[in-house]
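Below, chains carry the letters A, B, ... as their sequence lines are ordered, and counting in each starts from 1. These numbers come from a predicted model, not from an experiment.
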Amino acid sequence: MDVSYIFQNLNNAQREAVSSESQSLLVLAGAGSGKTRVIAHRVAWIVKALNISPQSLLTVTFTNKAAREMRGRIEEILEDQLGDFWCGTFHGISHRILRRHWEEAGLRKEFAILDSEDQLRVVKRVCKSLQIDDSKWPAKQIQWYINKEKDEGRRPEDAETGDYFSEQMTNIYSEYQALCNQESLVDFGELLLRTYELIDGNEKILNHYRARFKHILVDEFQDTNEVQYKFLLLLKGNENNISAVGDDDQSIYGWRGAKSDNINRFTKDLKNTQVVRLEQNYRSTQVILDAANSVIQNNSGRMGKDLWTEEKEGEKISVYSAYNEDDEARYVVGTIQDWIAQGNNLDEVAILYRSNAQSRALEEAILRESLPYRIYGGQRFYERAEIKNAMAYIRLVFGKEDDAAFERVINIPPRGIGAKTLDIIRNKAKGTKQSLWMASQELIDLEELPPRAMQSVQGFISDMYSLSLEVKEMDLKGLVDFIIERSGLIDYHKKEAGEKGRTRVENLSELVSAADDFMVPAQEEEISELKSFIDHAALDAGDAQAEEHESAIQLMTLHSAKGLEFPLVFITGFEEGLFPHRLSIEEPGQLEEERRLCYVGMTRAMKKLHIVHSEMRNLHGSENFNSVSRFLKEIPEELSLEVRTGGSIPRLKQKERSYIPGDVPNTEFKIGQRVFHDSFGEGVILNYEGQGPNARVEVNFDSSTTKWLMVEYANLKGI
DNA sequence: TCTATGGTGATTTTT
DNA sequence: TCACCATAGA
């Protein structure tokens, strides 16, 4: 069969990777080197050239979105539907396996998935029952600890103990797990760990999947954690094939348990691994690549890669030193306006920042100019409170034993069932080892509640009961529609004041459309449509924002920019303490991760990159004077231009700067004058640019720091 | 049980 | 600064 069309438009390295017959393949794919393309084409090649059914392939991606896109791309190449082809996240795949083998995995058939908010609630519940002081032991921290242990593959009995802290943490972890087991609740980490333990401890199941998945392909391999790595190698065994694609330089999720060292480990564990490097970049100009390369070179222990391009040099990187965050935002917006004036589009522009708090000043400046924009991040669809409430009602209809759902909605909308009553129900449930639902019924039957609570709980129980009956014959859409109405959620939010209530009602009706559009994945026929929908909501929280059709500027954190590309990119807040973040400066490992984040950010830019930092920044209400980020010093000076309000000049080393004495036009200052600044103290004006209120002066303070300050803001006093 | 007020503390995010 | 939580009064 002629498979040459699969190789069309691939370069040599890509071709080598796509058609490798090595049992283990490692593709080190630099930013913009066509990584996803290689995986998609490799799947096509395996199917067509090796004549292997898509059924025998397992493709793992990092996000659900990536999985959907991957599937689409492969189908495009093959010009055919893939049918029974497993392509998903580690969590999605683990979930599918657990649903099939729930019994062997020690779960109930209807086990529920906890998302992180649900998990936090369970942790809080456990802490309460253990009477743990939550000011000393914050639930968030405990949750973080538990997840970290699970990511590492450790059960409570494997956890390190010795000091009081880990002793206590392990104790809570152990209680938490007992509760989850009892109620058959599975958190995200548990999905992975339990699946690994399942195939590790059950030869029959392991052999089944080994026999099925002849080829395993993994994207974003640098983001795998311990359990995921062990899962992959176990599933591969000695016979099967594995292709891992990743970039150690783009590992930015170490803080979440990802081990980029898995890349190194892979070549050691699988001795005959073929390594292919993709270094030709199809995205950025040479200037941008050179700058990014020279920044990342400061990291140690890299696998080593140098990006290059056939594209032209390109424009130099612009560096702007703003006076404060408003000036920073103004520069960004002004530059964007110039950009569109030249006939470019707004959706070609991304503004990146290290932390979400920085988006505000930028947002305000954009709003002032009434430009359309979109902020990535924030709450996603299935994470919104009203949606989670509706889902909890739906879960209760599916199974009355779902305590998490029960607790969530028993008093939403308010039914007069507060903490006291709930405590009674909880104690009853604990004492008799049954669900909150059963316990409530028993309390009513035995009349063990105060009269008023009695009535409220009875009302809730019978409402839910009749709701379940009425809904029996309905399809998914009808059911969701009926439940959001009958639960009282719609009325409850309608009564809420202002915009807030209205969007909540809108979101609820959006949920009805989501249910209408929902299609049960082909491989999950054995599960009911309703259960499948519930799981989908937990495993894929949906997009952060509804798709906007208007062309808009994109604002996002450096983390969420990974995998994307834009002709014009701004990296803002390029300051010590912010980027690298102050909490990451001390530890070398963390600092290197910040540097990789910088590398990721820079390599998003296709044509033009602007780096912006600010002399002064309002953070948490107080003024901060940050020096410029160390990463800027790692960019060769000849690759960048220092932008001033009047134009651009080459970035100069401090000592090369000179000044000509004279007045700063239309201000009270002149060069050489001594001035006083509230924060920096006394200094001498060395240089200026612009005039009048927009003038900026360079002041050499006696503390030996030199700053560019805007006359309008700096409140300098002549002395 | 519901609502107002004050203390606290504050990266990055997907599943 | 601001958002979130916990606790105190209505």
B:dT14 C1' sits how many Å from A:Met556 CE, rounded? 16 Å
Charged N-O contact under 4.0 Å between A:Asp118 and A:Lys388: yes
Starting from C1' on B:dT12, measure out to CD on A:Gln250 and report it in whole angstrom. 16 Å
B:dA10 OP1/OP2 closer than 4.0 Å to side-chain N/O of A:Arg582: no
Does B:dT1 have OP1 or OP2 sitting under 4.0 Å from an N or O in the side chain of A:Arg415? no
SB check A:Arg108 A:Glu183 (cutoff 4.0 Å): no
Hey, do the aromatic rings of A:Phe165 and A:Trp137 have their centres closer than 6.0 Å? yes
Check every strand shown and say whether A:Asp223 touches a base, only sugar-phosphate, or nothing at a heavy-atom separation below 4.0 Å. nothing
Rounded to whole angstrom units, what separation is found between the CD atom of A:Glu593 and the P atom of B:dT13? 12 Å
Can you tell me how far C1' of B:dT15 sits from OH of A:Tyr196, to the nearest Å? 20 Å
For A:Ser560, report the nucleic acid contact type (base, sugar-phosphate, nothing); a contact means any heavy atom under 4.0 Å. sugar-phosphate
Taking the side chain of A:Arg360 as heavy atoms from C-beta outward, which of B:dT14, C:dC2, B:dT15 is closest to it? C:dC2
Any side-chain N or O of A:Asn225 less than 4.0 Å from the OP1 or OP2 oxygen of B:dT15? no
Please tell me which of the listed nucleotides, B:dT1, C:dT1, B:dT12, lies nearest to the side chain of A:Trp255? B:dT12
Pair A:Phe533 + A:Phe518: ring centers closer than 6.0 Å: yes
Specify the separation, in whole Å, of atom CG of A:Leu191 and atom C1' of B:dT14. 13 Å
So which heavy atom on A:Val295 is nearest to which on A:Cys598, and how close? CG1-SG, 4.2 Å
Using whole Å, report how far CD of A:Glu226 lies from P of B:dT15. 22 Å
Please classify the nucleic acid contact of A:Phe90 as base, sugar-phosphate, or nothing, using heavy-atom distances under 4.0 Å. nothing
Could you check whether A:Asn411 gets within reach of a base, just the sugar-phosphate, or nothing at all, counting any heavy atom under 4.0 Å? sugar-phosphate
Between B:dT1, B:dT11, B:dT15, which one does the side chain of A:Ser355 approach most closely? B:dT11
Rounded to whole Å, the CH2-C1' distance (A:Trp144 to B:dT14) equals 16 Å
More 5' along DNA chain B: A:Ala538 or A:Asn356, using each one's nearest nucleotide? A:Asn356
Could you work out the separation of C:dC4 and B:dT13 based on their P atoms and round it to a whole Å? 16 Å
A:Lys124 has an atom NZ; how far is it from atom P of C:dC4, in whole Å? 12 Å
Would you say the rings of A:Phe460 and A:Phe406 are close, in the sense that their centroids are separated by under 6.0 Å? yes
Looking at A:Arg452, I'd like to know whether one of its side-chain N or O atoms comes within less than 4.0 Å of OP1 or OP2 on B:dT1. no
With rounding to the closest Å, how many angstrom separate the P atoms on B:dT12 and C:dC5? 16 Å
Using a 4.0 Å heavy-atom cut-off, does A:Glu594 contact any base of the nucleic acid, only the sugar-phosphate backbone, or nothing at all? base
Could you check whether A:Gln590 gets within reach of a base, just the sugar-phosphate, or nothing at all, counting any heavy atom under 4.0 Å? base
Below 3.5 Å, does any donor atom in the side chain of A:Thr557 face an acceptor in the base of B:dT11, or the other way round? no
